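Have a look at the structure below, then the notes.
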Amino acid sequence: MLARPSISEKPARFDWVLLCALLGLMVLGVLFIHSARYATESGAGVLWFKQLHFRQAVFYALGLGAAAAVCVVPYQTLARWSYVFYWASILLLVLVLIPHIGKAAYGARRWIDLGIFQLQPSEIAKIAFILALGNFLARPLDELKLTGNFWKALAMLGLPFALILVEPDLGSALVLIPTGFVMMYVAGIPAKYLRRFLSGSALIVALILVDVLFAPPGWQLKLQDYQRRRLLVYFGLDHKYFAPPNATAAELQKARIQERNDSYNVEQALISVGSGGLTGKGWRQGTQNVLGYLPRAVAHNDFIFSVLAEESGFVGSVVVLSLYAVVLFAGIRIAGQARDRLGKMMAAGVVALLFSHMFINIGMNIRLMPVTGVPLPLLSYGGTSVICTLVAAGLLQNIYLHRRSY
Amino acid sequence: MLVFDQLKKQDSQLRLVAMVLAAGFCVLLAGLWYVQVFSSKRFADSLEDQAVRSVRIPAVRGKVLDRNGQPLAENRPTYNVELYLAELGKHFHAEYLRIRPASVRTRAEREQLEWSARYNVVSNITAQVSDWLQQPQVIDQKKFQRHYNEVRALPISILQNLNASQVARFAERPGVFPGLDLEIQPLRVYPHGSLAAHVLGSLTRDESSQEEEDAFYHYRLPDWKGVTGMEGVFDGQLRGAAGTKSMTVNRLGYRQQETMLRAPEPGDNLVLTLDFKLQRAVEAALVSSMFGAQTRGAAVVMDVQTGDVLAMASAPTFEPIEFMGRISTEHWTNVLNHPIQKPMLNRAAQENYHPGSILKMLTALAALEMEKLDPMEIFNVEADPERPGKGCIYVGNRKIKDTVANGPYNFKKALMHSSNSYFIYHGLKPGVLQKIIMLGEKFHLGERTGILPRQETAGEFPDQTDLVRRWQPGDTANLCIGQGKVSVSPLQIAVMTSAIANGGKVFWPRLVLRLEPSDPQFGEKVSEFPPRVRDDLGVKPENLRLIHEAMLAEVEEAGGTGSGAIIKGLKIGGKTGTAEIEQGGKIVDKTTWFASFAPVDRPKWAVIVMVESGASGGKTCAPIAKLIYEALQKRERDAGQKNSALASLN
């Protein structure tokens, strides 16, 4: 949004603004992952190349390489292969559910252990989904008015959604809904279908919530107990209503203590963010994280924003938001300038995906959103997430690069 | 916005998406502003609280005193040498540099080295101090690691329980060893060992919080909880209120400064009705039986005018202090939990026995009250054809043996010789059984006395409903002589005997005189526990007098079964009992009793002695009672001397 549209006949080869914003986020990512892990790693004498911020930098490099590779092939060509990517990602999503292949941690099967690297298929599936849905919706507008096509588009969304949901990874599954919706909207699917889609997904989300919170144990989605309790905390529901009906006083007391513990993460994240104040406490000076109040297991990934906000204050938060804004509005501009509907939809999908991640993650740090394990793009530690985000950004560049290649 | 200008005018969809995005950013921005700027101070405050660790400091436990203020359980200061790790940082580092080899490769190696450095420093200091104080001590590496990981801000205890000269030696060299300090902690002690152990009870380590106390402490200093006996019943009052100390910790978790938020309030002192000297004499008397230290029995001394328990002993006994340490499995199975000895069992209240002949007091009273027994009337005890010279009685077609010789018996003779036939004969008369049941209810036999809530059993006594259900004359006969469906604790018999002695007042036995503040300057109210009458027998005084006379005769007159208790100058009324424990028609064991009170003309004390597997009430229990009465006499003489000494001072 800073670059004036180029007047010259020769189109700009590259969207430098987008790249700069991404680089800015990556620098912040390395700095604050280092800060978040400082207490754990430096104290224990972890060698520098094993420290997580270094590993993150390696992921950035890999991601940038992948993004560059994505730019080489025009997106139209990529779209032709999109169904292959899509089904490959579905295969991975199925594989991850199989014990011994999928690695279980915190009660969910989300990773495939590749030795040096843990692959998170749901992240890949998000990109593959954008490509495939974009390709599908790129057909002539008249065809989009057919009911059958609308249902097919829905099915393309529903399959990865269901597979990710059973991992279970509620956050990643839900992110697909706004992404799909924005793509369909931008594609020009008739409003009546969109209304149906919107009310349908609202119904599904409501059903999932009601199911998780209130259904008898036998009927519940197989969420881990802790995930269910996180939702209880978010909705401010008292644990005692969920104790067995004939609970004794001791059990009720236990439920109360549990509630206290459950709201702990959220409380501590909020204290971190809030105590940052206007200008923060300075890099590596945050006490919340050093003293271990922000649980060490999540400080560098899901709650990295708390660390950043505590140490750099409101100023730092605004910088982060601005960088995301630059990336996302650059994405919208790219969508607007795209040569065809395929490019427009893909760009819009990428924007919607990144925005959903950012909104949910920052939102959960300040208690606007329930705690779900959605990473903050580029800032949270995590190889698959970083690489996929950069690949998505590469896709934007690709659309931009090929906007005039008639 | 610039983006909007660049979007084609007709591209309404992207415009809307961009607007939604902008709205989303605004929401986040507003949220962040609210949290980080608007309410930042609130969060900064809660952050400040978090660098503070709270430490729970247990209060000094109240003492347990006897009725004259003699301590039965108190606290002794223990002096411990403690080491503050925070002050050793430099030493740890120096040691680390010293032991570090030329190159440290892995993280694990480095961590291991750091641990060894810390442990070396701490164990060196420990060695030096223990050498200086001549108390060899080695600090356990695992224990140190755990302490360092979990409660770094608290000092680690190096040497415990220093004696006076060690304290003096330590004080001679202040500041020579880094980080050391002398701390005082109160420790529960029972100055008289096992004395009154069953009444006092025992403590166990406790990590929980009491009511109305913040349940979330970061650290806790060791505390104790009473589980049994008076320590258990009055735990809340004895414990006092724990205090809180807050410690500010720095980034590394070491202690920076310390403030006392709330000082612990010491627990109240508990004043018992027990008399320390008497209790000691009673316990000694109990094990003077033919079984010696193996005696299984109990004795209760009660003030008949108030229901005060002056002494309550159960043998064998245990040392309450044992429960504060670790009890080995061997010790537990072979001694504390021995299936026959059962030293933990308070036989005075927690176990029930057939009363045997001592229940004849009740039978006699019932028959006299119903006017079915004329004390002068002669009853002829039939001769037992199988046992020449012994009597018996037939109830229905069942023969019940008598221990006395056949021949004529009046009331006094029957009671002093303890004739079964006589009391069965009168007990079977119409109406007497009803009266026995009624009086049993008044004596509250078969009910708990409430003295030690969790360590008491109710026992058994028939009630009205039993009478309608298959009650046979044989059952009545058994009841009249304290066999069959009746079992009692020595404490219940003490209450019953006291009521017979004092003219009919059935007391709630009293074990606690008052709870008083540990330090009078606290000015808290003393709570008194006045004597409480539970029931009144409502019987004729002359009937009680008849029983008193007969009981006196049982001790004092020739041929009385209780003659083992006779003391010159003290008129004791007693009743012996020997209850038989049958299993499969055979007598397997006996419970021997002596229930008594004195002086007969002006009753003051009831003394109950029960010994399991004794020879007979007269032979086993009466001599023990005699020793107890001698102690009571001495106690009275001492009190008299004290009074006269006081009088002469005035």
Side-chain angles (χ1 to χ4, degrees), chain A residues 1-5 39 41 43-47 50 182 185-188 257 260 267-268 270-278 280 287-288 290-291 293 309-310 313-315 317-318 321-322 324-325 328-330 332-333 335-337 344 347-348 351-352 355 358-359 362-363 365-368, chain B residues 1-51 53 104-114 215-216 249-253:
Chain A
M1 62 190 192
L2 298 173
R4 305 293 306 177
E41 287 171 345
V46 177
L47 296 171
K50 282 191 178 167
V182 166
Y185 174 68
V186 171
I257 291 173
R260 218 185 132 108
E267 290 283 345
Q268 293 300 343
L270 206 56
I271 291 177
S272 302
V273 175
S275 66
L278 191 62
T287 48
Q288 278 294 89
V290 171
L291 287 178
Y293 284 108
E310 186 189 3
F314 184 61
V315 173
S317 311
V318 170
L321 280 189
S322 309
Y324 279 120
L328 293 174
F329 284 107
I332 288 194
R333 197 190 61 212
Q337 294 176 349
K344 182 174 155 188
V351 167
F355 177 76
M358 182 207 70
F359 190 83
I362 296 184
N365 274 287
I366 55 175
R367 222 185 211 171
L368 276 175
Chain B
M1 284 181 100
L2 296 174
V3 179
F4 284 84
D5 303 337
Q6 291 171 20
L7 292 176
K8 292 164 199 150
K9 285 284 177 241
Q10 69 273 28
D11 205 342
S12 61
Q13 285 114 335
L14 278 186
R15 290 181 79 98
L16 186 65
V17 171
M19 258 143 51
V20 171
L21 241 61
F25 275 110
C26 288
V27 168
L28 285 184
L29 205 61
L32 283 167
W33 177 83
Y34 178 78
V35 175
Q36 291 196 284
V37 182
F38 184 74
S39 42
S40 156
K41 187 165 174 346
R42 182 158 64 85
F43 291 113
D45 287 348
S46 38
L47 178 91
E48 204 157 288
D49 292 342
Q50 293 197 337
R53 302 279 192 277
V104 183
R105 280 174 196 279
T106 66
R107 169 186 170 189
E109 255 176 40
R110 187 175 150 174
E111 219 165 81
Q112 188 53 46
L113 275 174
E114 279 175 351
F216 297 94
V249 295
N250 63 12
R251 273 178 50 122
L252 298 172

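Predicted model, so just to flag it, every value in this text is computed and none were measured. Proteins get letters first, then strands, A, B, ... in listed order; numbering begins at 1 in each.
Under the 4.5 Å side-chain criterion, counting only non-hydrogen atoms from C-beta, A/Ile366 is not in contact with B/Tyr34.
When every heavy atom of A/Leu328 is checked against every heavy atom of B/Phe25, the shortest pair comes out as CD1-CZ, 3.6 Å. Nearest heavy atom pair, residue B/Leu14 against residue A/Ala335, reads CD1-C, 3.6 Å. For B/Leu29 against A/Leu321, the heavy-atom pair with the smallest separation is CD1-CD1, 3.4 Å.
Of the listed residues (A/Ala187, A/Gly188, A/Gly280, A/Ser317), the greatest number of heavy-atom pairs within a distance under 4.5 Å of chain B belongs to A/Ser317.
With a 4.5 Å cut-off on non-hydrogen atoms, A/Ala309 touches chain B through its backbone and its side chain both. Contacts between A/Val182 and chain B at a heavy-atom distance below 4.5 Å involve the side chain alone, from C-beta outward. In this structure, chain A has a heavy atom under 4.5 Å from the side chain of B/Val37, while its backbone stays farther away. The contact between A/Tyr185 and chain B is made by backbone and side chain atoms together, counting heavy-atom distances below 4.5 Å.
Separation of atoms CG (A/Asn365) and CG (B/Leu32) is listed at 9.0 Å; rounding is to 0.5 Å. Atoms CG and CD1, on B/Leu21 and A/Ile332 in that order, are 4.5 Å from each other to the nearest 0.5 Å. Rounded to the nearest 0.5 Å, atoms CD (B/Gln36) and OG (A/Ser272) are 10.5 Å apart.
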